[in-house]
Amino acid sequence: MSKLPNVGTTIFTVMSGLAAQYAAINLSQGFPDFDCNETLKHLVNEAMEAGYNQYAPMPGIMPLREAIAGKIRLLYGQTVNADTEITVTPGGTYAIFTAIATVIGPGDEVIIFEPAYDSYIPNVLVNGGLPVRIPLSFPDYHIDWSLVRSKITPRTKMIMLNTPHNPTGSILTQNDIDELEKLVAEHNILILSDEVYEHLIYDGKEHLSILRYPALRKNSFVTFSFGKVFHNTGWKMGYCIAPPHLMAEYRKVHQYLCFSVNTPMQHGLAKFLQTPDHYLSLPAFFQEKRDYFLSLMKETRFTPLHSSGSYFQLMKYDRISDEGDKEFAIRITKEFGVASIPVSAFYEDGKDDHVVRFCFAKKNETLEKAVERLRKI
């Protein structure tokens with residue numbers, strides 16, 4: 001018997017496998033092809049040499065939790081209690097699963113906006129919940145709040161958000177926050193806000209973290225990733241922030257899933273965060289990559305959709321082909337040697353707007369080689 005009978009190999013594994021098989025440039029899966037900061041590596045090695053190689057405390061070492069609280073204070077002007085409101089996790093995806101496992105049970109409805117990161121729906125299903133899928137409005141992928149209201153029932157337990165959004169690069173606006181505050185006040189709905197790309201936001205815009213808003217924060221789990229923002233996705237380091245009453249329940253589940261997280265990396269990150277420029281410089285760093293990729297893609301027949309955040313760029317290919325996006329993505333991997341992700345993979349019903357996702361978190365020479373191939377399509 002399977003708890004996830006309709007789940008197979010993810011599109012990320014499929015496309016990365018094809019990229020390897022056909023020696024294609026892999027702009028599909030969301031990871032950089034450049035190394036992380038040398039200082040951070042040195043700090044982690046230093047911690048290993050200093051003997052920090054045994055179990056860390058279950059919520060995470062206090063110096064790291066205090067550093068996270070300092071970052072929240074600096075960025076969002078809010079005080080987070082390092083002792084009772086922060087738990088360090090093995091990655092952002094784990095943090096999301098644990099939040100769902102903490103509060104979602106059989107029959108609970110969870111509103112999920114599509115296209116959605118691929119773990120959301122399986123996480124809800126495996127815990128007995130019922131995903132309520134709401135499409136974001138194409139082509140700018142904004143939330144239709146009238147549609148959200150029409151989907152709320154007495155069983156609605158949670159709304160899942162992702163900002164900056166994967167795969168679209170859209171971000172929450174002040175209007176979204178206002179509408180969300182009304183819903184939470186009316187229905188006492190929980191929020192799970194996936195903010196793993198919090199520092200990757202462009203064009204002078206602000207990241208409207210749920211942590212900024214006391215009326216929302218009191219009902220929210222907010223998840224983050226060190227791996228995504230500090231170019232070390234293989235470390236699987238993240239954290240969750242929630243008010244004490246929710247975090248106490250979260251830790252009950254967390255202690256039996258993994259108990260504690262990589263100790264020397266926690267010590268290295270705690271010291272690394274003492275220099276705010278390490279994260280304050282990230283928006284400019286990644287915007288330069290986005291803009292460079294877009295400038296190169298002007299020489300192709302792809303049409304970009306606007307990306308305000310994350311390290312993904314969606315491209316329409318309607319001037320090239322009327323194929324389905326999965327067929328198109330597979331064909332250009334095989335024939336032209338560049339791997340992407342079909343956006344229909346982020347919809348449970350395979351909704352196909354003929355759009356593919358490219359990851360621009362790559363070295364400039366990687367982007368140049370990829371676009372040189374894409375120009376031939």
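Remember, it's a predicted structure, so these values are computed and weren't measured experimentally.
- No side-chain heavy atom of F221 sits under 4.5 Å from any side-chain heavy atom of I100.
- More than 12 heavy atoms of other residues, nucleotides or ligands lie within 6.0 Å of CD in Q21, so this atom counts as buried by the packing criterion.
- Between the CZ atom in R331 and the OG atom in S321 there is a gap of 5.5 Å [rounded to 0.5 Å].
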What's the verdict on side chain to side chain donor-acceptor pair (under 3.5 Å) for N53 and T263, showing C-alpha distance, side-chain angles and the deciding distance? CA-CA 6 Å; N53 297 302; T263 303; over 6 Å; no
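- The salt bridge (Lys or Arg N to Asp or Glu O under 4.0 Å) analysis of residues 209-226, with sequence neighbours excluded, yields the pairs E85-R217, E206-R212.
- Crowding of K326 atom NZ: a count of heavy atoms from other residues, nucleotides or ligands under 6.0 Å not exceeding 12.
- Looking only at side-chain heavy atoms (C-beta outward), I201 and L282 stay at 4.5 Å or farther from each other.
- Checked against salt bridge (charged side-chain N to carboxylate O under 4.0 Å, His left out), D144 has no partners two or more places apart in sequence or in another chain.
- The salt bridge (charged side-chain N to carboxylate O under 4.0 Å, His left out) check on R149 picks up E186, with sequence neighbours excluded.
- Among pairs with a residue in residues 80-133, those fulfilling ring pair (Phe, Tyr, Trp, His ring centres under 6.0 Å) read Y94-H254, Y117-Y120, at least two apart in sequence or across chains.
- Of the inter-residue distances, the one linking L147 atom CG with L136 atom CG reads 10.0 Å to the nearest 0.5 angstrom.
- Summarising the geometry, atom OH belonging to Y55 is positioned 13.0 Å from atom CG belonging to N262; distances are rounded to the nearest 0.5 Å.
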Full working for side-chain contact (heavy atoms from CB on, under 4.5 Å) between T98 and T223: CA-CA 10 Å; T98 306; T223 61; over 6 Å; no
Step-by-step side-chain contact (heavy atoms from CB on, under 4.5 Å) determination, I171 to H165: CA-CA 6 Å; I171 58 175; H165 186 261; over 6 Å; no
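- Looking at D33 and T366, their side chains do bring a donor and an acceptor atom within 3.5 Å of each other.
- Between the side chain of Q287 and the backbone N or O of D203, at least one donor-acceptor pair lies under 3.5 Å.
- For Y292 and F360, the gap between ring centers reaches or exceeds 6.0 Å.
- If you look at F328 and Y317, their ring centroids are closer than 6.0 Å.
- Hydrophobic clustering (ILVMFWY, side-chain heavy atoms < 4.5 Å, transitive): L75 and I177 are in one cluster.
- Listed by first and then second residue, the salt bridge (Lys or Arg N to Asp or Glu O under 4.0 Å) pairs involving residues 128-143 are E114-R133 (not counting sequence neighbours).
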Residue pair V110, L130: steps toward the side-chain contact (heavy atoms from CB on, under 4.5 Å) verdict: CA-CA 6 Å; V110 180; L130 301 172; over 6 Å; no
Would T39 and H42 count as a side chain to side chain donor-acceptor pair (under 3.5 Å) here? Give the steps. CA-CA 5 Å; T39 298; H42 173 74; over 6 Å; no
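- Few gaps surround CD on Q255; more than 12 heavy atoms of other groups in view lie less than 6.0 Å from it.
- Under a 3.5 Å cut-off, the side chain of S220 and the backbone N or O of V222 do not form any donor-acceptor pair.
- The closest donor-acceptor contact from the side chain of H187 to the backbone of K157 lies at 3.5 Å or more, if one exists at all.
- Linking Ile, Leu, Val, Met, Phe, Trp and Tyr residues whenever their side-chain heavy atoms come within less than 4.5 Å leaves Y250 and F259 in two separate clusters.
- In this structure, a donor-acceptor pair under 3.5 Å is absent between the side chains of T275 and D277.
- Taking the six-membered ring where the residue is Trp, the centroids of F302 and F358 are separated by under 6.0 Å.
- With hydrogens and angles left out, the side-chain atoms of T153 and E109 include a donor and acceptor closer than 3.5 Å.
- To the nearest 0.5 Å, the span separating CZ on F312 from CZ on F293 amounts to 12.0 Å.
- Although no hydrogens or angles enter the test, the distance criterion places a donor-acceptor pair under 3.5 Å between the side chain of R357 and the main chain of S28.
- Residues satisfying the side-chain hydrogen bond (donor to acceptor under 3.5 Å, both in side chains) test with T87, not counting sequence neighbours, are R251.
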For a side-chain contact (heavy atoms from CB on, under 4.5 Å) check, start with the C-alpha distance between N81 and T79, then their side-chain angles and the critical distance, and finish with the verdict. CA-CA 7 Å; N81 187 306; T79 299; over 6 Å; no
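- Here E66 pairs with nothing under the salt bridge (charged side-chain N to carboxylate O under 4.0 Å, His left out) rule; sequence neighbours left out.
- For NZ of K41, the number of neighbouring non-hydrogen atoms (other residues, nucleotides, ligands) closer than 6.0 Å is greater than 12.
- Donor-acceptor pairing under 3.5 Å is lacking for the side chains of N175 and W145.
- Taking hydrophobic clusters as Ile, Leu, Val, Met, Phe, Trp and Tyr residues chained together by side-chain heavy-atom distances below 4.5 Å, L190 does not share a cluster with L172.
- For residues 252-263, the pairs satisfying salt bridge (Lys or Arg N to Asp or Glu O under 4.0 Å) are E249-K252, with sequence neighbours left out.
- With no hydrogens or angles considered, a side-chain donor-acceptor pair links S209 and E195 at under 3.5 Å.
- R73 places no side-chain N or O within donor-acceptor distance of the main-chain N or O of Q78, the cut-off being under 3.5 Å.
- If you take OG1 on T156 and CD1 on I111, they are separated by 5.0 Å, rounding to the nearest 0.5 Å.
- With sequence neighbours excluded, no residue forms a salt bridge (charged side-chain N to carboxylate O under 4.0 Å, His left out) with E368.
- Judged purely by distance below 3.5 Å, without hydrogens or angles, the side chains of D178 and Q174 pair a donor atom with an acceptor atom.
- Within the structure, side-chain hydrogen bond (donor to acceptor under 3.5 Å, both in side chains) pairs that include any residue of residues 227-237 comprise Y197-K228 (at least two apart or interchain).
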Exercise answer: donor-acceptor pairs, residues 370-377 side-chain atoms, under 3.5 Å, sequence neighbours excluded:
{"residue": "R373", "atom": "NH1", "partner": "G337", "partner atom": "O", "Å": "2.8"}
{"residue": "R375", "atom": "NE", "partner": "E299", "partner atom": "OE1", "Å": "3.4"}

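- Under the 4.5 Å side-chain heavy-atom criterion for grouping Ile, Leu, Val, Met, Phe, Trp and Tyr, L257 is not connected to V88 through any hydrophobic cluster.
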Is there a side chain to side chain donor-acceptor pair (under 3.5 Å) between Y239 and Q266 once you walk through the steps? CA-CA 11 Å; Y239 54 100; Q266 290 194 56; over 6 Å; no
Could you list the donor-acceptor pairs under 3.5 angstrom formed between side-chain atoms of residues 344-351 and any protein atom two or more places apart in sequence or on another chain?
{"residue": "S344", "atom": "OG", "partner": "D325", "partner atom": "OD1", "Å": "2.6"}
{"residue": "S344", "atom": "OG", "partner": "D325", "partner atom": "OD2", "Å": "3.1"}
{"residue": "D349", "atom": "OD1", "partner": "K351", "partner atom": "N", "Å": "3.1"}
{"residue": "K351", "atom": "NZ", "partner": "D353", "partner atom": "OD1", "Å": "3.1"}
{"residue": "K351", "atom": "NZ", "partner": "D353", "partner atom": "OD2", "Å": "2.7"}

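- Taking the six-membered ring for Trp and thresholds of 30 and 60 degrees, F272 and F230 have ring planes more than 60 degrees apart, a perpendicular arrangement.
- Under the 4.5 Å side-chain heavy-atom criterion for ILVMFWY residues, a single connected hydrophobic cluster contains both L211 and L280.
- Between the N127 side chain and the V124 main chain, no donor and acceptor come within less than 3.5 Å of each other.
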